[in-house]
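Report on one structure; see the data block that follows.
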Amino acid sequence: MNDLEARVTELEIQTALQEDLIASLSDTIAKMQQTLDLQQGQLRLLYQRMQEKSSGDSGEPYSLLDEIPPHY
């Protein structure tokens, strides 16, 4: 009977560790989803700005070479 109790205890420990791991992985995935959502929003904004600049008066395509770096 003592062996059976030890096995049940070991299984309970493993289950608890797995639950902690699953919770940790779930938190990590949620943080990664937030980061991905933020990056997608930034990409949409950048794309929108590029489209606005390319549809300007000149009619020429937008080029990053025309931009002045921030340290000038």
Side-chain angles (χ1 to χ4, degrees):
M1 192 65 156
N2 212 5
D3 186 41
L4 183 59
E5 286 180 23
R7 289 176 60 194
V8 169
T9 302
E10 182 65 29
L11 289 173
E12 288 175 343
I13 291 171
Q14 287 180 1
T15 302
L17 292 173
Q18 287 176 351
E19 287 174 358
D20 286 344
L21 178 61
I22 289 171
S24 175
L25 290 172
S26 180
D27 291 344
T28 300
I29 290 172
K31 288 176 187 175
M32 291 175 73
Q33 184 63 49
Q34 289 175 343
T35 302
L36 182 61
D37 291 342
L38 176 63
Q39 289 175 343
Q40 286 177 335
Q42 291 171 337
L43 185 60
R44 275 190 222 99
L45 180 62
L46 180 61
Y47 182 76
Q48 179 183 4
R49 286 184 181 172
M50 288 180 61
Q51 291 299 327
E52 289 171 358
K53 289 205 178 221
S54 69
S55 64
D57 297 332
S58 65
E60 296 177 13
Y62 176 73
S63 173
L64 287 176
L65 295 174
D66 297 335
E67 293 292 321
I68 297 174
H71 60 277
Y72 284 112

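Just so it is clear, the values below take in all heavy atoms, side chains as well, and ignore hydrogens, waters and symmetry mates.
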Sequence neighbours left out, what pairs pass side chain to side chain donor-acceptor pair (under 3.5 Å) with at least one residue falling in residues 28-40?
-> Gln33-Asp37
Between [atom1] of [X] and [atom2] of [Y], what distance do you get to the nearest 0.5 Å?
{"X": "Leu43", "Y": "Leu36", "atom1": "CG", "atom2": "CG", "value": "10.5 Å"}
{"X": "Gln18", "Y": "Leu11", "atom1": "CD", "atom2": "CG", "value": "9.5 Å"}
{"X": "Leu4", "Y": "Thr9", "atom1": "CG", "atom2": "OG1", "value": "9.0 Å"}
{"X": "Arg44", "Y": "Leu46", "atom1": "CZ", "atom2": "CG", "value": "12.5 Å"}

Test side chain to side chain contact (heavy atoms under 4.5 Å, CB included) applied to Leu45 - qualifying residues, sequence neighbours left out | Gln48, Arg49
With sequence neighbours excluded, residues passing side chain to side chain contact (heavy atoms under 4.5 Å, CB included) with Glu5 = Met1, Asn2
Counterpart residues, side-chain hydrogen bond (donor to acceptor under 3.5 Å, both in side chains), relative to Glu12 (two or more places apart) =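 Here no residue qualifies.
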Report the residues that fulfil side-chain hydrogen bond (donor to acceptor under 3.5 Å, both in side chains) with Asp20, sequence neighbours left out, ordered by chain and then residue number.
->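 So Asp20 forms no side-chain hydrogen bond (donor to acceptor under 3.5 Å, both in side chains) with any residue.
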Going by chain and number, the hydrophobic cluster around Ile13 (ILVMFWY, side chain to side chain under 4.5 Å) further includes Leu17
